[in-house]
Each structure stands twice: as structure tokens, then as C-alpha cells.
Amino acid sequence: MTSKQTHSDTSGSRRMAWMDWFGLIALGLLMVCSLVLLGQLLNLDMLDNKYLLLLMAGILILNSGHAVVQLPRRPSKGGHAAKIGCGVLAVILSAGMIYGAVAGGSLKSAVTRIVGKMAEKQTIDIIVLKDNEASSIEDAVGYTFGVLENADQENTAEVLKTLSDLNPTSKAYASVPQLADALYDGEVDAIILNDGYLPILEQTEGYTDFDDYTRILKQFDFTKEVAPVVPNESITVEPFVVYCSGIDARNSDVNIQSLSDVNILAVVNPKSRQILLLNTPRDYFLPLSFNGQLDKLTHAGMYGIDESMRVLDNLYGVETQYYARVNFYGLTKIVDALGGVDVYSEQTFTTKVMQIPDKNGNLYDDYFSFTEGMNYNVDGQAALAFCRERYSFSDGDNQRGRNQMAMIKAIFNKATSPAILATYGEVLDAVADTMITNMPYEDISSLVKMQLSDMSGWNITSYSVTGYGGTEECYSMPGQALWVMWPDYDTVNVAKDLIAKSWQVRPPSSPKIKRCISAAFVVRSVDHVKSSKAHGASVCHLYYSGVGQLLRAHQGHADGLYPHPDHPPADGACIPDPVGPAAQNHEAPLEGRADVHPHRHHRR
């Protein structure tokens, strides 16, 4: 053998060794990445078992095939080419698996940030006049603080305790407007007020410019724990209800306890793939569940999201298990991350000028126009305006509620379309930052598995209850006449029928109305008492305390008597069991009903 042949053989051996090592390294990389991907998918727990088994089988076959090619030594040129080709393919597949594992980890992280939220944050403000000399809370030595005497007492006491080194004194007032007046008049140096009251105060006549004359000196945050939700093993076969709440808080923190401007119940039947979206206007005048006092539905959110759920449960006779809350400003991020949505508008309209957040969160004034029919590629800012606008409609809040449900449909349709694959990362980040739910991870996992198992479509229907507008004193703002909407119980009964139909059977949690009831009823009389007495008659709204079911007993014509715990009916009062949405609901005739006033009009 010549030296030239020896050198050639040595070079060939080196090339073979290099190709062998490359193939083995690529095979090892493929095996490691396969294990990482499988581990991440198992941890994610959102793939149905049959798909998971198929994927595992495919990965096993893929790794086995590469091992067959890479492990034996192949001296032929064809064998070398196969090793190189398989090695390159293994590297490409490994990169894809790493990408899938990272995507799965991002999905798990985003969902974990959203789900199972068991706490709400309350913010308490120390408010002073704008020209107050104090630049920080440490300058408030010896200040007299105005406080509410019958609200937020626990948080107020905790704030005063925190400020004890400043030797503070306090003075109590019966209502928020009185508290504001005390600050204006110099009776107190500062006031201690739950941040949730500020939007209500600024919607009250005479206080709309409160923010122009005051400033927040210091804020204190308190966290309230919420009872955890136990995972539901039957969530894929039994109907359930989700309370969808939209808050328009000045604070971007979606965990903040605040007014709820969007109040939609999503009644979900997973077996029939039916979703009923039921909108209730924010101004609906209803009894609070924790004390029976009448207030606007939106105000219930100040006492916690669970309170809003219970108020609606009492109205419709259901039991809401879950909630999902989104901040209005977060809506812009979600829609933009989706690349815009296609939304159907029932009317052609132009919004009033309103403050809209730009891409950086800075507010600017703008208005938007929509046409009747489908509006394509609506971006986040326009989507927010679409959901907010009410002044352009003759029925105000009622149409706004229908628009909000139309936007939910648009987002749902885009989020469940293949188009989301291109922007799923941005969508996850947007949702994680702006939405929370108490639904456990296990329940979401079960629903995703169910959907992926057959990819069936969903039938989404919507309905809005309506009412009659006017002014009433509300529990949250005593002494003030606020705009409210008295429920039209014809539409409430229709909503109950739709709930029952979406369940296909009467929901087990729906309470039955007792025919004979005693002191469980509470009655309240308010406006126009003299007028009613002059007609020699009364109309009473009766609330059954166990279920919150509202009934009316009509005795002639009157102009407004409403429930109050100070005037209970006689024991043993018997009320017929209402049947049907309209003809047999035992309501007063239209001309004799207390909630119908020819001189009152729908809110604009």
C-alpha cells in the first residue's frame, strides 16, 4: 500500500468519524427535545389522551427511525448521505420541538396568571384639595380626616391606625357628597374614601368636576380573599354559568374592586355546544344580596365581584359558578393582538367624543363611526368605543349591552379561528395582563380537551333584558337621586325561559317560588306616597328573601311604591306561582304599573 493510498484512507476514516459523530449528536438532540416537548405537553394538560398517545407514538417512531440510520456504521456513500440528511432533519425537528415546548410553557404561564384568582384588591384614597400644602402623607400631621360612618369601616380604621404617628382625628359623615362638601368647606383637611366611590361621585350632579379641585395624596391597597372554586369534574357534560364583568376603572389593575359596567351572564351548555349571552343593564335597580337594600347593579361591584354575581343570581334564579373580568382598557390590547375583529352592528351610528387609550396607554379624545351590518377589521380603540357608546341610541344602555355581546361574539370567533396561530403569543400576553377568572386551571383544561377532541362549532345567542328609567335614592349614595332602570319583568321572565331552554331542562339550582310566604317578604314604599294615597291604592314590589324573586301584587292605580324592610307584609301572604314570560306573570296591567310613567323616558 502506497503512502498516497494510506493518506486517502485516513482522510476517508476521518470524514466517516465526523459524519458518525454528527449523526449521533443530532440523534441525541432529537431524543432530548422529544422528551422536553412531551414533558411540557403533559404539564400543560390540554391535549386529549388519544391525541397525546398518537403524538407519543409518532415521536417514538421518529426517534427509532433516526436511530436505525445513525447507529450502524455505513461505509458506502449512500450511507453517509443518509446519515447527514437524517442529522440535518433531526436538528430541524429538534428546533421545532423546542419552539413547541416554549410555546406550551408560555401558554401554561399565561393561563396560570389568569385563572384561579382568589383575591380582590381594594384601594383607599387620602384626598385633599389641590391647593393643600401637603406634598406627602408625612406632611398631614394633626389633620382631621373625614370618613364615611357606615361604609368601609374596617379599611378606614386600618388606614387611621397606619397614620397614628401623625396624631390624626376623624369626623364621620353619612354620605359621599357630604364628605366632599366637608372637604370643600374646610371642615376637614382630607377625606378617606374608597377609590370605587369616585366614579359614582363624579356622575352626581354638582360633583362632576370633583377631580378638578382635588388630588390624591396617598393610596392604601387592601386585599380581600375570595373563596376558591373546586374543580368541576362534570364541566364538559353539565351546564354552567359564567359572569362576564367589564370594569372601566381609572386604575389599570384588573384585580381592583370597582363598579361593573358590563354585566353579562354566559349560560354554557357544553353537550349541545350552546352559549346564551344574557345582558343586564348597569343601571338595573335591584336589591343587594348582603342586605336587601336597593341599588344600581353597577354599584354592586363595589362590594366585590361575588356580590354582583349573587344579585344577578337572585334576579334570574340561577347559581353562577365562575366569573371572568376584563378591564375596558385591556380590551384594546386583546383586540389589537388578535389583529382586529369583524363585528356586527345593528345600527349605523357615530360615537360621541370619548377618551381612548393609545398604544402606549396615553389617553386622547376621539370618535368612531360604524355602519349597520358587518364592520370588518375593527381595531382595539374602535372596539372600545363600540362597547362604550350609549348616547347615540334611543334606548341607551340597552343597545350598549347588545353591542357588548356582539363584540364578545366577534372576539370569540376570531380567537377560535386558525388566524390566531399567527399571533397567539401577543394574544396570550394581552389576555394575561387584562383578564382574570376564578375558573380553576383543571376546568379550563377539560374544556380545551373537549373542544380539541371534535372541534365542534358553538351556537351563540344573545338576549338583553330592558326596563324603565327614572331617578331613585340608592343604598351606595344615600340622599342623592340617581338615574336607575326599573326592571321590565316581562323581559326578565323571557330571559328565564331562555336559560331553561339552553339547559334543555329546568336548572337544578333554579329555586321554586313558594305559593305561601310569610315574613320572608320585605316591602318598601318610596316616591309619590301622597299621590298613591290620593288614588286610594298601592302597588308593592315583593322580594322573596330566599331567592330574590320579584313579584308584584296590584291593587288599583298608583305611582310608585317600592320595597323597604321597615314595612313588612302580614304573615301568611299568599302569592300565585307565576308561569310563563308574559301572559301569566301576575304583573299589573301596563296602565296601572308603578314602573311605567309617560313623562319618563329611556336614558340617553
Side-chain angles (χ1 to χ4, degrees), residues 114 242-249 252 254 259-268 275-282 297-298 301 323-352 354-357 359 366-393 395-417 419-420 423 426-427 430-431 433-437 457-466:
I114 297 168
V242 181
Y243 169 53
C244 304
S245 170
I247 61 173
D248 203 4
S252 61
V254 72
L259 304 182
S260 183
D261 290 290
V262 178
N263 300 277
I264 295 173
L265 292 184
V267 184
V268 183
I275 298 177
L276 169 65
L277 297 178
L278 178 58
N279 176 66
T280 308
R282 66 191 295 277
L297 175 59
T298 183
Y323 66 76
R325 171 190 271 176
V326 62
N327 190 307
F328 270 19
Y329 290 121
L331 176 68
T332 64
K333 295 182 180 179
I334 294 173
V335 173
D336 284 338
L338 286 168
V341 296
D342 302 336
V343 64
Y344 183 85
S345 176
E346 296 179 356
Q347 302 180 32
T348 296
F349 67 95
T350 298
T351 70
K352 72 177 182 69
M354 61 178 69
Q355 286 195 320
I356 298 290
K359 307 295 183 183
D366 205 349
Y367 65 92
F368 300 84
S369 296
F370 301 91
T371 58
E372 181 180 350
M374 191 62 72
N375 293 259
Y376 296 97
N377 298 319
V378 174
D379 67 11
Q381 284 72 25
L384 176 59
F386 184 82
C387 291
R388 271 181 166 179
E389 180 58 32
R390 70 174 184 268
Y391 296 102
S392 299
F393 312 118
D395 54 352
D397 277 342
N398 296 321
Q399 183 61 49
R400 177 166 68 167
R402 292 191 288 271
N403 286 351
Q404 290 166 351
M405 290 189 291
M407 184 56 65
I408 290 176
K409 288 183 186 179
I411 293 173
F412 183 86
N413 290 335
K414 187 66 174 282
T416 54
S417 72
I420 195 177
T423 59
E426 293 88 342
V427 173
V431 171
D433 290 339
T434 60
M435 178 181 170
I436 59 170
T437 178
W458 289 79
N459 180 34
I460 304 176
T461 58
S462 60
Y463 183 74
S464 294
V465 296
T466 59

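Predicted, not measured: the structure shown is a model, and the values here were computed from it.
Taking CD of Glu426 as the start and CG of Leu338 as the end, the distance is 10.0 Å to the nearest 0.5 Å. Between the CG atom in Leu331 and the CE atom in Met435 there is a gap of 11.5 Å [rounded to 0.5 Å]. Distance check, rounded to the nearest 0.5 Å: CD1 of Ile408 to CG of Asn403 gives 11.5 Å.
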Could you list the donor-acceptor pairs under 3.5 angstrom formed by side chains in residues 375-387, with sequence neighbours left out?
unit_1	atom_1	unit_2	atom_2	d
Asn375	OD1	Thr371	N	3.1
Asn375	OD1	Thr371	OG1	3.4
Asn375	ND2	Thr371	O	2.9
Asn375	ND2	Gly373	O	3.1
Asp379	OD1	Gln381	N	3.4
Asp379	OD1	Ala382	N	2.9
Gln381	NE2	Pro357	O	3.0

(message) Could you go through Thr280 and Leu265, starting from their C-alpha distance and side-chain angles, then the distance that decides it, and tell me whether this counts as side-chain contact (heavy atoms from CB on, under 4.5 Å)?
(response) CA-CA 8 Å; Thr280 308; Leu265 292 184; 5.8 Å; no
(message) Set out, in order, the CA-CA distance, both residues' side-chain angles and the distance that settles side-chain contact (heavy atoms from CB on, under 4.5 Å) for Arg402 and Glu346, then state yes or no.
(response) CA-CA 9 Å; Arg402 292 191 288 271; Glu346 296 179 356; 3.3 Å; yes
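Using a 4.5 Å heavy-atom threshold, the side chains of Arg390 and Gln399 count as separate. Contact annotation: the side chain of Met354 approaches that of Arg388 to within less than 4.5 Å [non-hydrogen atoms, C-beta and beyond]. At a threshold of 4.5 Å between non-hydrogen side-chain atoms, the residues Asn279 and Gln404 count as touching. Side chains of Val262 and Met407 form no contact here, defined as non-hydrogen atoms less than 4.5 Å apart. Contact check for Lys414 versus Asp342: no side-chain heavy atoms found under the 4.5 Å cut-off. Residues Thr298 and Asp261 have side chains in contact (heavy-atom distance under 4.5 Å, counting atoms from C-beta outward). Within the 4.5 Å cutoff, side-chain heavy atoms of Thr351 are placed close to those of Phe370. Two residues are said to be in side-chain contact when any heavy atoms from C-beta on lie closer than 4.5 Å; Ser464 and Met405 meet this criterion.
With sequence neighbours excluded, no residue forms a side-chain hydrogen bond (donor to acceptor under 3.5 Å, both in side chains) with Asn413.
Checked by atom type and distance alone, the side chain of Ser392 never pairs as donor or acceptor with a backbone atom of Phe349 at under 3.5 Å. A donor-acceptor pair under 3.5 Å is absent between the side-chain atoms of Ser245 and the main chain of Ser260, judged by distance alone. Of the possible donor and acceptor atoms, one in the side chain of Glu389 sits under 3.5 Å from a partner among the backbone N and O of Tyr391.
Considering every non-hydrogen atom in both Thr350 and Ser369, the closest pair reads OG1-OG, 2.9 Å. For the residue pair Tyr243 and Asn263, the shortest heavy atom distance occurs at OH-OD1, 2.5 Å. Considering all non-hydrogen atoms of both residues, Ile460 and Leu277 come closest at CG2-CD1, 3.9 Å.
Comment: Asp336 does not engage Lys333 in a salt bridge, judged by the lack of any side-chain N to carboxylate O separation of less than 4.0 angstrom.
For Tyr367, the OH atom counts as loosely surrounded, since its 6.0 Å shell holds 12 or fewer non-hydrogen atoms of other residues, nucleotides or ligands.
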